[in-house]
Amino acid sequence: MVNLVHSITPRRDTIDSAFYPTVPPISLELTNNCNLKCPYCANIVLTRPKTYIEWPLLERIVNECAERGYNLAWLHGVGEPLLWDRLEDVIALIKRKRAGAGSFATNGTLLSPDRVRSLLSAGLDSIYVSIDTLDPAIYKATRGGKLAKVIRNIQDMITLVPPTFQVTIALMDHKDQHITKATIQNFQETFGLHKNVILGLVQNQLFPGAPADYRANVEKIDGCHEPNGYLFIALDGRAGICCKDQNIGHSLGNVAERSIHDVWFDPITQTTFRNVALGIFDCPDVCTKKCVLKEPKQQATPVAKGFELPFGEAWQFADALVGAGEWQDAYENYAALAIRDPKNPFVQDMLRTIKQQMENGSNAV
């Protein structure tokens, strides 16, 4: 029988191997200028200077992503990418270098038909348009712009892009707006039914640097895996603890000075990831004071299966459970590994294999 309750407790000092073994998709900020003033976004209270990314830094990041196979997925941070007239140059560079998806999120106010054509020529093949609401009164109160113009821009874009071009239109469920079946029906009537047009539903989201909290549920959580969703890099090269850390309340390091690889796999960074995931020991104040993480536990207590060890050791333990035929515990450990490395094909294969064993009635030995 494999001992499932580890007597070990995660160390307070730095771990010597990866907690998150893969660099996640990267969101690179091109500008922190914006033409709207949304209260749930940190832009209107930014302490960082309003400017644009320097081209040499941009090229450095694109080149490393191309060389290491990282996915430079998004070209936005806390600003509106369409404010930069070199956006098309960036997209073309990323596509040429095969450095990632090279898409971006926009508020849609500047998404004119001519700009859409220009973006298509640069190689853009998907876009995320955040409008948050289809209610003009709520839009005016939270965004300060004219919703009708943005809707028209999106409708025009849908007619211009090819059917392979994915359009995601985001609505937000928050304290002043609840997304219902009627909302979704209104969405479909407004934009039509197209296979390449998707509703993106944002729920209970908090940006710790924002002046207002629009969440319907303000409860704190024991552990957080957000750092493994996206790696946010600000226009000055500083990497945030997660993509919601818009004002870089906790910097993992600066990719203008070190490689993305070295910043992500720094033992101090990986230890921080472990602590935040488990809610233990030393966690950044931006997570506990300004975001959703509870004050970290300091006492020595058993921790969640699959999370207490460095990734390689956790995998070995999960394999031992499989060898012992302890399918349920093996599944829980591999599920934890899947959270820590979401696109690892071997982990996904093991989850399917173990699930099949359990469905076939295999018992623990």
> Within the distance-only criterion (no hydrogens, no angle test), does the side chain of Q270 pair as donor or acceptor with the backbone N or O of Y20 below 3.5 angstrom?
Replying inline: yes
> Can you check whether K195 reaches P163 side chain to side chain, under 4.5 Å on heavy atoms?
Replying inline: no
> Is the number of heavy atoms from other residues, nucleotides or ligands under 6.0 Å of E219 CD greater than 12?
Replying inline: no
> Pick from N186, I179, I184: which one makes a side chain to side chain contact (heavy atoms under 4.5 Å, CB included) with L171?
Replying inline: I179
> NZ of K220: more than 12 outside heavy atoms within 6.0 angstrom?
Replying inline: yes
>> Contact between H261 and V23 at the side-chain level, heavy atoms closer than 4.5 Å - yes or no?
In response: no
> Step by step, would you call F317 with D319 a side-chain contact (heavy atoms from CB on, under 4.5 Å)?
Replying inline: CA-CA 5 Å; F317 181 70; D319 276 348; over 6 Å; no
> Do V263 and F232 belong together in a cluster built from hydrophobic side chains that touch within less than 4.5 Å?
Replying inline: no
> Is L206 linked to L201 within one hydrophobic cluster, defined over Ile, Leu, Val, Met, Phe, Trp and Tyr using a side-chain heavy-atom separation of less than 4.5 Å?
Replying inline: no
> Between N254 and R258, is a side-chain contact (heavy atoms from CB on, under 4.5 Å) present by the stated rule, with each step listed?
Replying inline: CA-CA 6 Å; N254 196 317; R258 304 168 65 197; over 6 Å; no
> Is the shortest heavy-atom distance from the side chain of N344 to the side chain of L337 under 4.5 Å?
Replying inline: no
>> A cation-pi test, strictly: NZ or CZ of R340 under 6.0 Å from the centre of the six-membered ring of F19 and no more than 45 degrees from its axis. Yes or no?
In response: yes
> Do the side chains of V116 and I158 join up, straight or via other hydrophobic residues, at under 4.5 Å, putting them in one cluster?
Replying inline: yes
> Parallel, tilted or perpendicular: which describes the rings of Y334 and W315, with under 30° parallel and over 60° perpendicular?
Replying inline: perpendicular
> How far does OG1 of T22 sit from CG of D341, to the nearest 0.5 angstrom?
Replying inline: 3.5 Å
> Given the rule that I, L, V, M, F, W and Y join up when any side-chain heavy atoms are under 4.5 Å apart, are V78 and L231 in one cluster?
Replying inline: no
> Is the side chain of Q348 donor-acceptor paired with the backbone N or O of P342 at a distance under 3.5 Å, no angle test?
Replying inline: yes
> For D285, which residues count as a salt bridge (charged side-chain N to carboxylate O under 4.0 Å, His left out) partner, sequence neighbours excluded?
Replying inline: none
> Below 4.5 Å, heavy atoms only, C-beta onward: do T168 and I127 meet side chain to side chain?
Replying inline: no
>> Set out, in order, the CA-CA distance, both residues' side-chain angles and the distance that settles salt bridge (Lys or Arg N to Asp or Glu O under 4.0 Å) for R98 and E67, then state yes or no.
In response: CA-CA 9 Å; R98 297 183 180 180; E67 291 166 4; over 6 Å; no
> Just by modelled atom types, is the H76 backbone N or O under 3.5 Å from a matching donor or acceptor in the S27 side chain?
Replying inline: yes
>> Taking the ring centre of each residue, are F307 and H225 less than 6.0 Å apart?
In response: yes
> Side chains of T190 and Q188: closer than 4.5 Å at any heavy-atom pair?
Replying inline: no
> Roughly how far apart are E332 CD and L351 CG, rounded to 0.5 Å?
Replying inline: 11.5 Å
>> Is it the case that over 12 heavy atoms from other parts of the model lie below 6.0 angstrom from the CZ atom of R68?
In response: yes
>> Taking G108's backbone N and O only, do any of them form a donor-acceptor pair with T106's side chain (distance below 3.5 Å, no angle check)?
In response: yes
>> I'd like to know whether I248 forms a side-chain contact (heavy atoms from CB on, under 4.5 Å) with R48, so could you lay out the CA-CA distance, the side-chain angles of the two residues, the decisive distance to 0.1 Å, and finally the verdict.
In response: CA-CA 9 Å; I248 315 296; R48 299 190 277 124; 4.2 Å; yes
> Do K175 and D213 sit within salt-bridge range, that is, some charged N less than 4.0 Å from a carboxylate O?
Replying inline: no
> In Å, rounded to the nearest 0.5 Å, how long is the span from CG of L160 to OG of S112?
Replying inline: 10.0 Å
> Any donor and acceptor pair, going by atom type alone, linking the side chain of Q166 with main-chain N or O of N196 inside 3.5 Å?
Replying inline: no
>> Membership question, hydrophobic clusters at under 4.5 Å side-chain separation (ILVMFWY): are F207 and V286 in the same one?
In response: no
> With sequence neighbours left out, what residues match K294 under salt bridge (charged side-chain N to carboxylate O under 4.0 Å, His left out)?
Replying inline: D222
> To the nearest 0.5 Å, how far apart are SG in C287 and CD1 in I241?
Replying inline: 5.0 Å
> Are the side chain of E80 and the backbone of L82 linked by a donor-acceptor contact shorter than 3.5 Å?
Replying inline: yes
> Does atom NZ of K50 have more than 12 heavy-atom neighbours from other groups under 6.0 Å away?
Replying inline: yes
>> What I want to find out is whether R143 reaches D132 closely enough, with some N-O distance under 4.0 Å, to be called a salt bridge.
In response: yes
>> Can you confirm whether L124 sits close enough to E88 that some side-chain heavy atom of one is under 4.5 Å from a side-chain heavy atom of the other?
In response: no
> Looking at side-chain heavy atoms only, is the closest gap between L199 and I169 below 4.5 Å?
Replying inline: no
>> Could you walk me through whether T51 and T31 satisfy the side-chain contact (heavy atoms from CB on, under 4.5 Å) test, starting with their C-alpha distance in whole Å, then the side-chain angles of each, then the deciding distance to 0.1 Å, before giving a yes or no?
In response: CA-CA 6 Å; T51 184; T31 182; over 6 Å; no
> Within the side chain of N63, is there an N or O that forms a donor-acceptor pair under 3.5 Å with the backbone of E59?
Replying inline: yes
> Is a side-chain N or O of T272 found less than 3.5 angstrom from the main chain of I268, in a donor-acceptor match?
Replying inline: yes
> Under the 3.5 angstrom rule, does the side chain of H174 hit a backbone N or O of R215 as a donor-acceptor pair?
Replying inline: no
> Atom CD of E64 and atom CD1 of I260: how far apart are they, to the nearest 0.5 Å?
Replying inline: 4.0 Å
> Tell me, do K95 and D125 make a side-chain contact under 4.5 Å, heavy atoms counted?
Replying inline: yes
> In a check of side chain to side chain contact (heavy atoms under 4.5 Å, CB included) between N107 and each of I131, V150, N35, V129, which one passes?
Replying inline: N35
>> Could you check whether W264 and F273 have their ring centres less than 6.0 Å apart?
In response: yes
> With clusters built from Ile, Leu, Val, Met, Phe, Trp and Tyr whose side-chain heavy atoms come within less than 4.5 Å, directly or transitively, what are the remaining members of the cluster of W74, listed by chain and number?
Replying inline: Y40, Y128, M172, V202, Y214, Y230
> Is a donor on one side and an acceptor on the other found under 3.5 Å between the side chain of S121 and the backbone of R117?
Replying inline: yes
>> Measuring from atom CD1 of I233 to atom OG of S251, what distance do you get when rounded to the nearest 0.5 angstrom?
In response: 10.5 Å
